[in-house]
Amino acid sequence: MKVNDDDWVFSNSCQEHIMNKNQVKETTVGTKFAGALILVALLAPVLSHAEDSSTDSAGQYLDDATITTKVKASFAEDKGIKGRDISVRTDHGVVDLTGTVGSKKQSDRATELATHVKSVKAVHNNLKVDSN
């Protein structure tokens with residue numbers, strides 16, 4: 001069997017094609033692996049946050065929401081506090097009061113009203129007094 005130059009060029013071209021195809025496979029696998037690593041790195045903070053936030057049960061959330069509603073209702077019914085700029089936030093029975101009131105007396109009254117709501121464990125009064 002006689003081999004001519006055209007056969008050698010064809011054979012050499014096939015070997016190059018096979019080599020290029022293998023290089024493409026290696027590059028594709030490397031790219032997929034790098035992509036997976038980047039995805040894990042991006043999702044790690046999200047997944048760890050999801051773990052931390054799952055500690056509150058639905059019941060705890062409802063208890064805190066009920067406390068917040070009752071504190072706000074007691075403020076609305078009180079003539080000295082009604083209409084004041086007071087935000088109420090509850091976490092595990094601890095009430096945080098923020099905002100602005102007109103006097104120290106109003107600030108103390110807000111704390112007193114919040115303290116008397118059932119299931120309140122503590123009240124953090126962060127109210128600012130603005131006498132203007």
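Atoms considered below: every heavy atom in the structure, side chains included; atoms not considered: hydrogens, waters and symmetry mates.
Atoms NE2 and OG1, on His124 and Thr111 in that order, are 10.5 Å from each other to the nearest 0.5 Å. To the nearest 0.5 Å, the span separating OG1 on Thr90 from NZ on Lys121 amounts to 11.5 Å. How far OG1 of Thr69 is from CG of Asp64: 10.5 Å, rounded to the nearest 0.5 Å. Residue Ser119 holds its OG atom at 13.5 Å from NE2 of His92, rounded to the nearest 0.5 Å.
The nearest pair of heavy atoms linking Val120 to Ala114 is CG2-O, 3.4 Å. Between Ala110 and Ile81, the shortest heavy-atom distance links the atoms N-CD1, 3.8 Å. Summarising the geometry of Lys118 relative to Ile67, their closest heavy-atom pair is O-CG1, 4.0 Å, with the distance given to 0.1 Å.
Formation of a donor-acceptor pair under 3.5 Å by the Asn126 side chain with backbone atoms of Gly99 is not found in this model.
Two residues are said to be in side-chain contact when any heavy atoms from C-beta on lie closer than 4.5 Å; Leu127 and Ile86 meet this criterion. Residues Val71 and Leu113 form no side-chain contact, since every pair of their non-hydrogen atoms from C-beta on lies 4.5 Å or further apart. Within the 4.5 Å cutoff, the side chain of Thr68 has no heavy atoms near those of the Arg89 side chain. When side chains are defined from C-beta on, Lys128 does not count as touching Asp130, because their heavy atoms never get closer than 4.5 Å.
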Step-by-step side-chain contact (heavy atoms from CB on, under 4.5 Å) determination, Val88 to Val95: CA-CA 7 Å; Val88 180; Val95 176; 3.8 Å; yes
Step-by-step side-chain contact (heavy atoms from CB on, under 4.5 Å) determination, Asp91 to Asp96: CA-CA 8 Å; Asp91 186 26; Asp96 290 318; 5.6 Å; no
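One hydrophobic cluster, built from ILVMFWY side chains closer than 4.5 Å, holds both Val129 and Val123.
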